[in-house]
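Heads up: the structure comes next, in structure tokens.
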Amino acid sequence: MREVLEREAPHLLEKREVKARREGLPDLKNAEKGKVVLRFAPNPNGPLSFGHARGLVINSTYREMYDGEFILRFDDTDTKVKPPMLEAYDVIQEETEWLTGRKPDRVVFASDRIDEYYNHAHTMLEQGFGYVCRCTAEEFKEFRISKTNCPCRSQPISDNLVFWKRMLDGKFKPGDAVVRVKTDMQLKNPALRDWPALRLQDTALHPHPRPEIGSKYVVWPLLDFQSAVEDHLQGVTHIIRGKDLMDSTRKQTLLYEHFGWTYPETMYWGRVKVHEWGGFSTSQMRSDIESGTYDGWDDPRLPTLAGLRKRGTQAKALRNFWMELGITQKDISVPLATLYSHNTKVIDDDAPRLAFVRHAAEFSLEGEHPDKLTIPVHPNHSEMGHRTWDLKGGQVWLESDDLEKMDLRLKEFADVALHDRIARVESMERSDQRPIVHWLPHNTSSEALVMGTKDNTLLHIEGRLERHKYTPGTIVQLERVGYAILIDATTLLLCHENLQDD
RNA sequence: GCUCGCGUGGUGUAGCCAGGUCCAUCAUUACGGGUUUUCAUCCCGUCGACCCGGGUUCGAAUCCCGGCGCGAGCACCA
């Protein structure tokens, strides 16, 4: 068959290659191995959220694919509306390393680069493609809507330079003056018309949280200007970001044309909502934490990286999750089950099994039975060893919900019949089809607490936990309950939201 | 309103740029079955989709036009 095709229609064979399922991310346009520079630029107004992980995963994966460079940049140029949080700078760097598996090649603080932005603003005014606009925001909005030039647009360069100096010297109040990029007020897209590049901020009242910056500057660049200039300065070759920034690309391209620069290649992803979480914003979480609604940024109910990590979500699972979504521009809504499925695949092989008996009821064991029991740590991995239970004293704990049936098989142990508070051993061998339940001997267990989340509330389940020597942070599987991470020896947190129990 | 973008099973995703091998990929969910002395893991199976209408073409998920739906931007936020 293949020979015939090769002879008669070789093009059909080539097509098959093309249609094979693509592995991983699509190729970058105009990318040369070793010469790709990517960046991820969050506002450090809080720790990273679930959504930020996409930017980190996609950009850092391309860094690996192309043996390029990855920059982590703090876009911390707003001190009032979305003020940075001092602790976030370190937290974000640590979280970035955790998620991507290595440190960024460069870390850039926009607030350290203000002089660079000033220089470019000055160039812009000097060369006449920017101007100082003294209209109010409302006045300018009218001009934007009516496609008419604002009076400031035509003032001479010398005036612009004078006004610029007065801005820098603090002679204007916030709102009194702004530096705009001259584009064209006739542009079809209203968002692009003479967009603002730098504005004034009252940094006496709203100082920058970094002590070395504080109230040092009153003129601050806006995102579109700062980001555009910095991308050029850092030699960024590819920008991959949310499609909400599409107009940013268009604005910035106009600025690049003025400067005679070439804009990087861009790609976008759409909006992602997680069904169970709905909408969260960093500022909203911040105020909810301050008001005590949540325990902190690592509250497991919160869609933060810290919260996910605390409940045992693995970096690898997050990476797989975002890689699977890829970079389509579709706006999507995904269920947490998808993330949990990835996480389960990552953790199961390494999760030692432990018994946790919920709402435990105590029984006395009667009848012939050994006083010791040895069972595997992991049913699929004998190399993980075994655990030994001490049955001396004959006191055992069973789960309240399992007591509806009087005849039960204690897992890995014996068939028993329940009567009052007595469990009589009927057979060590499995003798019938009675249900198999997990259980614990009194001597090998302690009281414990398992926490979980459900519908944005915290669950607390009390019970008996098998004795163990695992350290906090270990992820175990509680048999018949679910995966959980150790907070301390007798406190655990369920990794995945359990939809059917309790 | 203006501007931009996106529409493949319940949820995601591949295929679309370079039309035929697509009665459409893979994953997830649900359901069923198997392995297993866990309601876990693993394995097998089943259900299930090209937004609508025209056009081009021998042939359209793929190209063109129109409609509809959804989303984003139009901040002196990022």
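Below, chain A is the first sequence line, B the second, and so on; all start at residue 1.
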Note to self: Would Y340(A) and Y483(A) count as a side-chain contact (heavy atoms from CB on, under 4.5 Å) here? Give the steps.
What the structure shows: CA-CA 10 Å; Y340(A) 292 157; Y483(A) 300 96; over 6 Å; no
Item checked: U8(B) and C4(B), which share atom name C1', separated by this distance in whole Å -> 23 Å
Item checked: T338(A) vs A27(B): side-chain N/O to OP1/OP2 distance below 4.0 Å -> no
Notebook entry, point to check: Would a 4.5 Å heavy-atom cut-off, applied to side chains only, mark T266(A) and L245(A) as touching?
Noted result: no
Check: If you check every side-chain atom of S333(A), which of U28(B), G12(B), C77(B) has the closest atom?
Finding: G12(B)
Next item on the list: Check the pair T77(A) / Y117(A) against side chain to side chain donor-acceptor pair (under 3.5 Å), numbers first and verdict last.
Entry: CA-CA 11 Å; T77(A) 55; Y117(A) 309 140; over 6 Å; no
Margin query: Can you measure H342(A) atom NE2 to U29(B) atom C1' for me and round it to whole angstrom units?
Written below: 13 Å
Note to self: Check for me whether the distance between the ring centres of W322(A) and F50(A) falls short of 6.0 Å.
What the structure shows: yes
Next item on the list: Provide, to the nearest angstrom, the distance between the CD atom belonging to E399(A) and the P atom belonging to C39(B).
Entry: 13 Å
Check: How far, in whole Å, is C64(B) from G19(B) if one measures between their C1' atoms?
Finding: 13 Å
Next item on the list: With C1' as the reference atom in both, quote the distance from U29(B) to C68(B) in angstrom, rounded to an integer.
Entry: 29 Å
Item checked: Among U37(B), U11(B), A78(B), the nucleotide that comes nearest once only the side chain of D78(A) is considered -> A78(B)
Item checked: T148(A)-R153(A) side chain donor-acceptor pair, cut-off 3.5 Å -> no
Item checked: Distance between P atoms of U13(B) and C51(B) (Å, rounded) -> 14 Å
Margin query: Taking only the P atom of each, what is the distance from G1(B) to G53(B) in whole angstrom?
Written below: 26 Å
Notebook entry, point to check: Closest to the K82(A) side chain: C77(B), C76(B), A40(B)?
Noted result: C77(B)
Item checked: Gap between atoms CG and P, on L25(A) and C26(B) respectively (whole Å) -> 21 Å
Notebook entry, point to check: Got a sec, which residues hit side chain to side chain contact (heavy atoms under 4.5 Å, CB included) with A177(A), two or more places apart in sequence or on another chain?
Noted result: V132(A), R134(A), M167(A), F172(A), L200(A)
Next item on the list: Give the rounded distance in Å between these two atoms: CD of E412(A) and C1' of U36(B).
Entry: 10 Å
Could you list, one pair per line, each protein nitrogen or oxygen that sits under 3.5 Å from a nitrogen or oxygen of nucleotides 68-73 of chain B, together with the distance?
residue : atom : partner : partner atom : Å
G71(B)  : O4'  : D331(A) : OD2          : 3.4
G71(B)  : O2'  : D331(A) : OD2          : 2.9
G73(B)  : O2'  : D247(A) : OD2          : 3.0

Note to self: Is it the case that the base of U41(B) and the side chain of Q477(A) share a donor-acceptor contact (distance under 3.5 Å, atom types as modelled)?
What the structure shows: no
Note to self: With rounding to the closest Å, how many angstrom separate the C1' atoms on A61(B) and C50(B)?
What the structure shows: 4 Å
Next item on the list: Using a heavy-atom cut-off of under 4.0 Å over every strand shown, decide if S248(A) touches base, sugar-phosphate, or nothing.
Entry: nothing
Item checked: Check: W439(A) ring centroid to F413(A) ring centroid under 6.0 Å -> yes
Next item on the list: Measure from CG on L187(A) to P on C4(B) and round the result to the nearest Å.
Entry: 11 Å
Notebook entry, point to check: Which nucleotide in the list G12(B), C39(B), U29(B) gets nearest to the side chain of R480(A)?
Noted result: C39(B)
Note to self: Under 4.0 Å, counting only non-hydrogen atoms across every strand here, what does P335(A) touch: a base, just sugar-phosphate, or nothing?
What the structure shows: sugar-phosphate
Next item on the list: Scan L223(A) against the nucleic acid and name what it touches under 4.0 Å (heavy atoms): base, sugar-phosphate only, or nothing.
Entry: base
Check: Centre of Y89(A)'s six-membered ring, under 6.0 Å away, within 45 degrees of the axis: is that where NZ or CZ of R210(A) sits?
Finding: yes
Check: So which nucleotide from C76(B), G12(B), G5(B) ends up closest to the side chain of I332(A)?
Finding: G12(B)
Next item on the list: Evaluate the ring planes of Y118(A) and Y217(A), with Trp represented by its six-membered ring, and classify them as parallel (under 30°), tilted (30 to 60°) or perpendicular (over 60°).
Entry: perpendicular
Margin query: C77(B), OP1 or OP2 - any side-chain N/O from R199(A) closer than 4.0 Å?
Written below: yes
Check: Using atom C1' of each nucleotide, how far apart are G34(B) and C70(B) to the nearest Å?
Finding: 43 Å
Next item on the list: Look at all strands and tell whether Y483(A) reaches a base, only sugar-phosphate, or nothing, counting heavy atoms closer than 4.0 Å.
Entry: sugar-phosphate
Notebook entry, point to check: Are OP1 or OP2 of C6(B) and a side-chain N or O of T328(A) less than 4.0 angstrom apart?
Noted result: no
Check: Does any donor-acceptor pair link the side chain of R250(A) with the base of U3(B) at a separation under 3.5 Å?
Finding: no
Check: Can a cation-pi geometry be assigned to R241(A) and F40(A), taking NZ or CZ under 6.0 Å from the six-membered ring centre and within 45° of the ring axis?
Finding: no
Next item on the list: Rounded off to whole Å, could you give me the CG-to-C1' distance for the D432(A) and U37(B) pair?
Entry: 12 Å
Notebook entry, point to check: At under 4.0 Å, does any side-chain N or O of K345(A) touch on OP1 or OP2 of U28(B)?
Noted result: yes
Next item on the list: Whole angstrom is fine here: how far is it from CG in L408(A) over to P in U37(B)?
Entry: 18 Å
Next item on the list: Report the distance from atom CH2 of W389(A) to atom C1' of U37(B), rounded to the nearest whole Å.
Entry: 12 Å
Item checked: Counterpart residues, side chain to side chain contact (heavy atoms under 4.5 Å, CB included), relative to P376(A) (two or more places apart) -> E412(A)
Check: Looking for any heavy atom pair under 4.0 Å, which part of the strands does N380(A) touch: base, sugar-phosphate only, or nothing?
Finding: base
Next item on the list: Mind checking T344(A) for me? I need base, sugar-phosphate or nothing, with any heavy atom below 4.0 Å counting as a touch.
Entry: sugar-phosphate
Checklist line | Given RNA chain B, 5'-ward residue of the pair R409(A) and T136(A), judged by closest heavy atom | finding: R409(A)
Notebook entry, point to check: Pairs counted as Watson-Crick or G-U wobble with both distances under 3.5 Å: what dot-bracket string results for RNA chain B, using | for bases tied to another strand?
Noted result: (((((((..(((.......[.....))).(((((.......)))))....(((((..]....))))))))))))....
Note to self: From the set C76(B), U37(B), G12(B), return the single nucleotide nearest to any side-chain atom of I436(A).
What the structure shows: U37(B)
Item checked: Qualifying residues under side chain to side chain donor-acceptor pair (under 3.5 Å), relative to S382(A), sequence neighbours excluded -> none
Note to self: Under 4.0 Å, heavy atoms only, any strand: does G175(A) hit a base, just the sugar-phosphate, or nothing?
What the structure shows: base
Check: Pick the nucleotide of RNA chain B nearest each of M428(A) and K330(A); which residue has the one closer to the 5' end?
Finding: K330(A)
Item checked: Residue pairs passing the side-chain hydrogen bond (donor to acceptor under 3.5 Å, both in side chains) test where at least one lies in residues 40-49 of chain A, sequence neighbours excluded -> S49(A)-H52(A)
Check: When rounded to the nearest Å, what value does the distance between C1' atoms of C52(B) and G69(B) take?
Finding: 10 Å
Note to self: When you measure from the side-chain N and O atoms of R353(A) to the phosphate of U36(B), is any distance below 4.0 Å, counting only OP1 and OP2?
What the structure shows: no
